[in-house]
Amino acid sequence: MKQYHLGIEATLEIIGGKWKALIICLLMSGTKRTSELQHSITGISQKVLIQQLRELERDGLVKRFVYQQMPPKVEYSLTEYGVTANRIIDVMCSWGKENIQIRQERGEAIILLEDQPPEVSN
């Protein structure tokens, strides 16, 4: 029997780590292909991304849809249960923004890229 001392342990077991919360956040805006997710997450390898997606799928937060075509096409989206993680992700995002602002006020050279205007490509 698995035991937890605090509820947060169960939460972190499912969405903890470097990438899972970010994957959930990206899937909040809708269904994504593996390549779209990889392109949106700087520094994640395809192997790690697929592993994280499979774990989220196993835990019931993500569903995987495979199209029967050539070349193969796979899409990922949040399950109804996965959407409930939005409350946690929103709080984490808000706390992170506040943390960055405090660090900036202390003189740390740090920026939040989502606050920057998008680069225009020609």
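By convention here, the first residue in the shown sequence is residue 1.
Within a 6.0 Å radius of CZ in R87, no more than 12 heavy atoms belonging to other residues, nucleotides or ligands are found. The environment of Q51 atom CD is dense: over 12 non-hydrogen atoms of other residues, nucleotides or ligands sit within 6.0 angstrom.
Nearest heavy-atom pair across I111 and Q104 is CA-NE2, 3.9 Å.
Under the 4.5 Å side-chain heavy-atom criterion for Ile, Leu, Val, Met, Phe, Trp and Tyr, F65 and M28 are members of distinct hydrophobic clusters. Clustering ILVMFWY residues whenever any of their side-chain heavy atoms sit less than 4.5 angstrom apart, transitively, puts L49 in the very cluster that holds V74. Note on V48: it clusters hydrophobically with I24, by side-chain heavy-atom contacts below 4.5 Å among ILVMFWY residues. Under the 4.5 Å side-chain heavy-atom criterion for ILVMFWY residues, no single connected hydrophobic cluster contains both I89 and I100. Hydrophobic clustering (side-chain heavy atoms under 4.5 Å, transitive across Ile, Leu, Val, Met, Phe, Trp, Tyr) groups I14 together with L26.
Note that CG of L56 is 13.5 Å distant from CH2 of W19, once rounded to the nearest 0.5 Å. Taken to the nearest 0.5 Å, the CD atom of Q52 stands 5.0 Å off from the CD atom of E55. Put simply, CG on D59 and CD on E13 are 7.5 Å apart, with the number rounded to the nearest 0.5 Å. The structure places CE of M92 at 10.0 Å from CG of L22, a figure rounded to the nearest 0.5 Å. Interatomic distance, CD1 of I110 versus CD1 of I102, reported as 11.0 Å (0.5 Å rounding). Note that OG of S94 and CG of N99 are 12.5 Å apart. Values are rounded to the nearest 0.5 Å.
Side-chain N or O atoms of E98 include none that pairs as donor or acceptor with a backbone N or O of W95 at under 3.5 Å.
At a threshold of 4.5 Å between non-hydrogen side-chain atoms, the residues I15 and L61 count as touching.
Counting only residues at least two apart or on different chains, the side-chain hydrogen bond (donor to acceptor under 3.5 Å, both in side chains) pairs with a member in residues 71-85 are R64-Y76, Y67-E75.
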Just distance, no hydrogens or angles: give the donor-acceptor pairs under 3.5 Å from side chains in residues 31-42, sequence neighbours left out.
unit_1 : atom_1 : unit_2 : atom_2 : d
K32    : NZ     : S29    : OG     : 2.8
E36    : OE1    : R33    : N      : 2.7
S40    : OG     : E36    : O      : 3.0

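Residues that satisfy the side-chain contact (heavy atoms from CB on, under 4.5 Å) test with V83, not counting sequence neighbours, are L78.
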